[in-house]
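Residue indices begin at 1 and follow the sequence shown.
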Amino acid sequence: MSKLDFFLANNIHTLEEFPPDPDDGDDSLFFEKQYGAVDALIKFFLEGDENERAKILSVTKNCVNTFHSYAHWMAVCSVRKNNPLLIFKGLVALAIENLRNDFRDTLVIISLLANSARKLQGTEVIQFQSAKTISSKQFGEFLSDYLSRTTWNRTIAIMGFTESGSGECFNYVQNTDIPI
């Protein structure tokens with residue numbers, strides 16, 4: 001059994017789980033465990049060959065929400081920790097998710113990651129180009145299409161979000177005043 005197969009056998013349930021109800025108490029241990037599994041999966045994905053990446057894509061079809069949640073959290077943490085590498089990790093999580101859900105949900109998360117990249121590096125292009133090199137053709141084209149949008153159509157405001165706080169208190173807040 002390969003290291004990847006062993007990892008998947010022992011962690012796929014963690015990746016597929018939905019978070020506990022926030023009313024049931026502190027959920028930080030749940031997310032620490034789940035996001036730790038995503039971190040490890042990203043490492044396998046980045047170090048893997050084409051066959052290993054295909055295997056990861058095939059067995060993670062029920063993990064869409066996990067990858068979206070993780071990528072959103074990486075957008076926030078990258079600013080809090082002033083660490084652009086976290087933006088790339090968020091993009092890799094979305095590359096693994098591979099547009100298996102409504103592309104509009106992914107688009108919102110991409111806008112948050114792009115906004116964080118602009119805050120930290122002045123541009124999102126470098127991070128997105130790097131992510132394209134390890135992505136499926138479909139997701140790579142999706143990233144290219146995003147970058148070809150007008151500046152306004154890449155803002156978090158158009159996606160219904162605003163920034164809140166700074167430093168360790170930085171967050172992205174959904175604007176609930178926007179009609180759906």
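Partners of E17 by salt bridge (charged side-chain N to carboxylate O under 4.0 Å, His left out), not counting sequence neighbours: none found. For the salt bridge (charged side-chain N to carboxylate O under 4.0 Å, His left out) test, no residue two or more places apart in sequence or in another chain qualifies with R53.
Shown here for I109 and H68, the closest heavy-atom pair between the two residues is CD1-O, 4.0 Å. Of all the heavy atoms in V64 and K61, the pair that sits closest is CG2-O, 3.8 Å.
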Could you list the donor-acceptor pairs under 3.5 angstrom formed between side-chain atoms of residues 75-96 and any protein atom two or more places apart in sequence or on another chain?
{"residue": "S78", "atom": "OG", "partner": "M74", "partner atom": "O", "Å": "3.2"}
{"residue": "S78", "atom": "OG", "partner": "A75", "partner atom": "O", "Å": "2.9"}
{"residue": "R80", "atom": "NE", "partner": "E168", "partner atom": "O", "Å": "3.3"}
{"residue": "R80", "atom": "NE", "partner": "F170", "partner atom": "O", "Å": "2.7"}
{"residue": "R80", "atom": "NH2", "partner": "F170", "partner atom": "O", "Å": "2.9"}
{"residue": "N83", "atom": "OD1", "partner": "L85", "partner atom": "N", "Å": "3.0"}
{"residue": "K89", "atom": "NZ", "partner": "D39", "partner atom": "OD1", "Å": "2.9"}

I12 and C63: side-chain contact (heavy atoms from CB on, under 4.5 Å), yes or no, with the steps? CA-CA 9 Å; I12 195 67; C63 306; 4.1 Å; yes
Go through the steps for F161 and T155 under the test side-chain contact (heavy atoms from CB on, under 4.5 Å), then give the verdict. CA-CA 9 Å; F161 277 83; T155 65; over 6 Å; no
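Side chains of N153 and T150: a donor-acceptor N/O pair is present below 3.5 angstrom, by distance only. Between E163 and N171, the side chains place no donor N or O within less than 3.5 Å of an acceptor N or O (distance only, hydrogens not considered). A donor and an acceptor atom, one from each side chain of D5 and S2, are located under 3.5 Å apart. Counting only N and O atoms by type, the side chains of S111 and Y146 include no donor and acceptor under 3.5 Å apart.
For the pairing with I56, the side-chain contact (heavy atoms from CB on, under 4.5 Å) check across N98, I42, L41 returns one residue only, L41. Between T60 and the options E97, E16, R100, a side-chain contact (heavy atoms from CB on, under 4.5 Å) holds for only R100.
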